[in-house]
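Numbers restart at 1 for each chain; the letters A, B, ... are given by sequence-line order, proteins then strands.
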There are 2 protein chains.
Amino acid sequence: MPSRLEDLCVQKGLKMTDQRRVISRVLSNAADHPDVEEVHRRAAAIDHRISIATVYRTMRLFEEAHVIDRLDFGDGRARYEGTRTDHHHHLIDVDSGEVIEFTNEEMERLKEAIARELGYDLIGHRLELYGVPRNRRGEPSGGA
Amino acid sequence: MPSRLEDLCVQKGLKMTDQRRVISRVLSNAADHPDVEEVHRRAAAIDHRISIATVYRTMRLFEEAHVIDRLDFGDGRARYEGTRTDHHHHLIDVDSGEVIEFTNEEMERLKEAIARELGYDLIGHRLELYGVPRNRRGEPSGGA
DNA sequence: TTATATGCAAAGATTTTGCTTTCTG
DNA sequence: CAGAAAGCAAAATCTTTGCATATAA
């Protein structure tokens with residue numbers, strides 16, 4: 001059975017190879033935000049005939065076709081998630097590294113309003129919040 | 001005359017070398033968001049006795065001391081700006097690459113509220129809007 | 001003086017690319 | 001079959017680091 005993202009690829013007219021099917025499946029099943037190395041690891045577990053170069057090339061292709069979204073959590077490498085219909089954002093728990101997704105209608109409205117006010121049409125945006133759990137306390141946020 | 005950021009460094013107890021003074025000055029005078037290479041270029045124009053390695057080390061030091069903020073506009077390298085008192089964000093003009101800064105009190109409140117609702121204390125955040133000028137036309141804004 | 005900073009070049013990490021072979025449509 | 005994709009390894013970016021020398025406090 002074709003994965004959700006595989007369907008999306010076909011819909012967009014992408015030529016489908018075994019590798020792309022596997023990567024589609026990995027990303028369709030991912031509940032998290034894997035980086036390229038992790039995608040490659042999971043893909044290779046399904047079918048080892050897949051190189052890291054192909055993963056890189058495929059991620060770029062998928063990104064340009066809007067099949068996936070590239071994320072950036074500030075750690076120097078790209079993370080990915082399958083493109084979704086809901087506009088959502090991420091809160092990164094800096095203690096655990098956990099990523100919490102959230103949606104917020106007011107935020108959507110506000111972003112549009114700000115862009116319009118500045119004379120722009122919004123075509124993209126990125127919001128990440130970095131936080132620490134509220135009931136855990138005492139973390140010194142001091143220097144080095 | 002010491003630059004604004006040089007004062008900040010001294011205030012934070014950082015040992016001041018000629019290189020750090022020059023970098024402080026470059027960043028104090030920057031109205032944009034230079035990357036490391038650009039900082040090095042400008043610093044070397046003032047005093048060539050400064051290596052790219054020192055710029056990297058100094059940027060990290062300054063960032064950790066909260067003398068500067070690291071930004072990320074999604075192009076794979078870090079950008080910097082002197083730390084300011086106002087919480088501001090960036091709208092990137094994807095046509096020209098120009099970066100427009102803005103502040104928005106409602107946004108500040110909203111972010112805090114969202115984090116609190118999710119059970120977190122906000123310690124950082126990042127918001128970038130990507131837009132195209134509204135009075136320039138012809139760009140098909142199609143896509144998913 | 002003594003710990004710290006700098007320069008240089010080598011090493012790391014992530015991502016891209018040239019070229020040959022393989023495969024999709 | 002023709003043009004596109006994959007694999008592999010080399011290269012390109014951006015950033016960090018080891019070590020000897022120079023410098024701030």
Side-chain angles (χ1 to χ4, degrees), chain A residues 2 5-7 9-26 33-65 67-80 143-144, chain B residues 2 5-26 33-44 46-65 67-80:
Chain A
L5 293 184
E6 181 181 341
D7 279 342
C9 289
V10 171
Q11 213 171 289
K12 305 248 178 183
L14 300 184
K15 184 188 278 190
M16 291 311 284
T17 63
D18 287 347
Q19 289 84 341
R20 289 180 184 177
R21 260 184 286 273
V22 169
I23 293 172
S24 298
R25 191 168 133 200
V26 163
H33 309 87
D35 59 23
V36 167
E37 205 180 318
E38 182 60 28
V39 172
H40 179 237
R41 193 174 299 124
R42 296 179 194 177
I46 297 174
D47 180 347
H48 71 271
R49 299 170 314 139
I50 186 168
S51 72
I52 189 90
T54 293
V55 178
Y56 272 107
R57 278 191 274 236
T58 302
M59 300 314 267
R60 185 154 57 157
L61 177 79
F62 283 8
E63 189 193 348
E64 282 167 0
V67 169
I68 61 177
D69 287 321
R70 182 177 16 166
L71 308 175
D72 182 333
F73 295 155
D75 56 359
R77 65 219 133 127
R79 311 296 204 89
Y80 295 91
Chain B
L5 294 185
E6 181 180 340
D7 279 343
L8 234 181
C9 287
V10 172
Q11 214 171 290
K12 305 246 178 184
L14 300 184
K15 183 189 281 193
M16 291 313 284
T17 63
D18 288 347
Q19 289 85 341
R20 290 180 183 176
R21 259 184 287 273
V22 169
I23 293 173
S24 299
R25 191 169 132 199
V26 163
H33 309 88
D35 59 24
V36 168
E37 205 179 319
E38 181 60 28
V39 172
H40 180 237
R41 194 173 298 125
R42 296 179 194 177
I46 297 175
D47 180 348
H48 72 270
R49 299 170 315 138
I50 186 167
S51 72
I52 188 89
T54 292
V55 178
Y56 271 107
R57 278 191 275 234
T58 302
M59 298 314 266
R60 184 154 58 158
L61 177 79
F62 282 9
E63 188 193 347
E64 282 166 0
V67 168
I68 61 177
D69 286 322
R70 182 179 14 169
L71 308 174
D72 182 332
F73 295 155
D75 57 358
R77 65 219 134 127
R79 313 296 205 89
Y80 294 90

Is the phosphate of C/dT24, meaning OP1 or OP2, less than 4.0 Å from a side-chain N or O of A/Thr17? no
Length of the CZ-C1' vector between A/Arg49 and D/dC8, whole Å: 16 Å
Taken to the nearest whole Å, CD/B/Glu38 to C1'/D/dC14 is 16 Å
Without decimals, in angstroms, what is the distance between B/Met59 CE and D/dC14 P? 15 Å
Please state whether the phosphate of C/dG18, meaning OP1 or OP2, lies under 4.0 angstrom from any side-chain nitrogen or oxygen of A/Arg57. no
Any donor-acceptor N/O pair, A/Arg77 side chain to A/Val36 backbone, under 3.5 Å: no
Side-chain contact, heavy-atom cut-off 4.5 Å: B/Thr54 with B/Thr17? no
Rounded to whole angstroms, how far apart are CD1 on B/Ile50 and P on C/dG7? 6 Å
C/dT6 phosphate, OP1 or OP2, under 4.0 Å from B/Arg20 side-chain N/O: yes
B/Arg70 atom CZ is separated from D/dT15 atom C1', nearest whole Å, by 10 Å
Between C/dT17, C/dA5, C/dG7, spot the one nearest the side chain of B/Lys15, thanks. C/dA5
Using a 4.0 Å heavy-atom cut-off across all strands, classify A/Ile52 as base, sugar-phosphate, or nothing. nothing
side-chain N/O B/Tyr56 vs D/dT15 OP1/OP2, d < 4.0 Å: yes
With a 4.5 Å limit on heavy-atom distance, are the side chains of B/Arg42 and B/Ile46 in contact? no
Of A/Ala53 and B/Ala78, whose nearest nucleotide on DNA chain D comes first from the 5' end? A/Ala53
Please check the phosphate of C/dG7 (OP1 and OP2 only) for any side-chain N or O of B/Thr54 closer than 4.0 Å. yes
What's the CZ-P distance between A/Arg77 and D/dT15, to the nearest Å? 15 Å
pair B/Glu38-B/Arg79: side-chain heavy atoms closer than 4.5 Å: no
Report the nucleotide, chosen from C/dT15, D/dG7, C/dT17, that has the shortest atom-to-atom distance to any side-chain atom of A/Arg60. C/dT17
Can you find a pair of side-chain heavy atoms, one from A/Phe62 and one from A/Leu5, that are under 4.5 Å apart? no
Closer than 4.0 Å, any side-chain N/O of B/Gln19 to the OP1 or OP2 of D/dT23? no
Considering heavy-atom distances to DNA chain D, does B/Met16 or B/Gly76 have its closest nucleotide positioned more toward the 5' end? B/Gly76
Tell me the interatomic distance from A/Asp47, atom CG, to C/dC23, atom C1', rounded to whole angstroms. 14 Å
Atom CD of A/Glu64 and atom P of C/dT15: how far apart are they, to the nearest Å? 15 Å
Side chain of A/Glu37, heavy atoms from C-beta onward: which of C/dG7, C/dT14, D/dG7 has the nearest atom to it? C/dT14
